[in-house]
Chemist: 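Questions regarding the structure given below will be posed in turn.
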Amino acid sequence: MLTLRCPCCGVLADETELAPGGTAHLRREGPEASDEAFEAYMFLRDNPRGVHFERWRHAFGCGKWFHAARCTVTNEVFGTYPAQTAAPPEEVLEAIRRRRPEWER
Ligand SMILES: [Zn+2]
């Protein structure tokens with residue numbers, strides 16, 4: 001079972017308390033975007049086998065959104081951090097590199 005520590009309230013929540021929100025750190029396109037850029041934003045996603053940055057909501061807890069770095073193969077969690085973070089924090093990236101030396105972003 002997947003468990004994630006909510007960085008907002010500190011609770012170690014199992015997946016029955018959480019709601020997935022898809023890929024983290026997407027660049028949202030505005031009304032001035034080209035059709036190709038908007039199509040890429042809406043429909044084209046990387047679906048890597050391995051390290052993935054995701055959005056989660058502590059739905060049956062504090063209700064807040066946060067981000068998690070997780071391996072999609074093993075469910076190993078490298079870290080969680082607030083959703084207001086524009087890019088993964090360096091300590092999360094270092095945790096990934098320590099456990100997955102071959103990983104590249
Ligand atoms: Zn929470």
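Ligands are counted one by one from 1 in listed order, and the atoms in each one are counted from 1 as well.
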Chemist: To 10°, measure the ND1(His58)-the Zn ion (ligand 1)-SG(Cys62) angle for me.
Modeler: 110°

Chemist: Confirm or rule out an N/O/S atom of Cys8, from backbone or side chain, lying less than 2.8 Å from the Zn ion (ligand 1).
Modeler: no

Chemist: Do we get Arg57 above Phe60's six-membered ring, with its NZ or CZ under 6.0 Å from the centre and within 45° of the axis?
Modeler: no

Chemist: Is it the case that Arg97 places NZ or CZ above or below the six-membered ring of Trp103, under 6.0 angstrom from the centre and within 45 degrees of the axis?
Modeler: no

Chemist: Quick check for you: to the nearest 0.5 Å, what is the distance between Arg70 atom CZ and Trp56 atom CH2?
Modeler: 6.0 Å

Chemist: Relative to Phe53, does Arg105 satisfy both conditions: NZ or CZ under 6.0 angstrom from the six-membered ring centre, and within 45 degrees of the ring's axis?
Modeler: yes

Chemist: Please state the angle at the Zn ion (ligand 1) spanned by SG of Cys6 and SG of Cys9: what is it, rounded to 10 degrees?
Modeler: 110°

